[in-house]
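See structure below.
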Amino acid sequence: MIKGRVNGKIWSSRHVDTLPGGALLEVEIDGGGRLIAFDPLGCDAGEAVLVTQGSVAAAFFKGRTAPVDALIIGSIDEKTK
């Protein structure tokens with residue numbers, strides 16, 4: 001798993017039909033770098049998240065082949081002062 005923070009949404013007016021309903025988010029990875037991850041949870045900008053990649057991400061969508069390589073699988077609860 002990869003820990004990161006959501007920078008914002010990626011908007012796409014055209015995409016393949018097998019892409020499930022949900023949002024594409026830009027995630028800044030701890031230690032540097034960014035990736036685009038599919039978000040089935042409804043995360044917001046600034047939120048800390050956990051991301052999985054590869055076959056695990058694609059296998060999340062039962063009964064369909066989804067072109068997803070990075071999937072947000074959790075929102076990290078952060079302590080407030």
Side-chain angles (χ1 to χ4, degrees):
M1 282 188 278
I2 301 166
K3 182 180 173 188
R5 188 165 301 275
V6 176
N7 281 340
K9 290 186 178 183
I10 302 295
W11 299 99
S12 173
S13 58
R14 295 187 298 168
H15 55 268
V16 296
D17 293 337
T18 56
L19 188 64
L24 295 173
L25 302 182
E26 181 182 52
V27 178
E28 187 167 343
I29 303 305
D30 283 7
R34 294 182 181 175
L35 56 80
I36 306 301
F38 184 80
D39 175 29
L41 304 177
C43 296
D44 291 322
E47 196 167 338
V49 295
L50 292 173
V51 178
T52 189
Q53 289 186 293
S55 61
V56 173
F60 172 78
F61 305 96
K62 301 289 184 209
R64 71 188 314 172
T65 302
V68 173
D69 183 56
L71 176 71
I72 295 176
I73 58 168
S75 174
I76 300 171
D77 295 333
E78 297 181 300
K79 294 180 183 180
T80 58
K81 294 183 180 181

Name of the residue among D30, V27, I29, V51 meeting side-chain contact (heavy atoms from CB on, under 4.5 Å) with K3: D30
In short, side-chain hydrogen bond (donor to acceptor under 3.5 Å, both in side chains) pairs touching residues 36-49 with sequence neighbours left out are E47-S75
If you look at every heavy atom in L35 and A70, which pair is closest and at what distance? CD1-CB, 4.1 Å
Checking E78, E26, E28 against R5 for salt bridge (Lys or Arg N to Asp or Glu O under 4.0 Å), the one that qualifies is E78
As an exercise, state the distance from OG1 of T52 to CG of D69, rounded to the nearest 0.5 Å. 9.5 Å
About how many Å separate CD1 of I2 and CG of L71, when rounded to the nearest 0.5 Å? 11.0 Å
Side-chain heavy atoms of F38 within contact of L24, under 4.5 Å: yes
Interatomic spacing from CD1 in I36 to CG in L25 - rounded to 0.5 Å: 8.5 Å
Under 4.5 Å between side-chain heavy atoms, counting indirect links through other Ile/Leu/Val/Met/Phe/Trp/Tyr residues: same cluster for V49 and L41 or not? yes
Heavy-atom closest contact (C43 atom, I72 atom, distance): SG-CG2, 4.0 Å
Decide whether F60 and I73 are clustered together by the hydrophobic rule: side chain heavy atoms of Ile, Leu, Val, Met, Phe, Trp, Tyr closer than 4.5 Å, transitively. yes
Shared ILVMFWY cluster between I76 and M1, side chains joined below 4.5 angstrom? yes
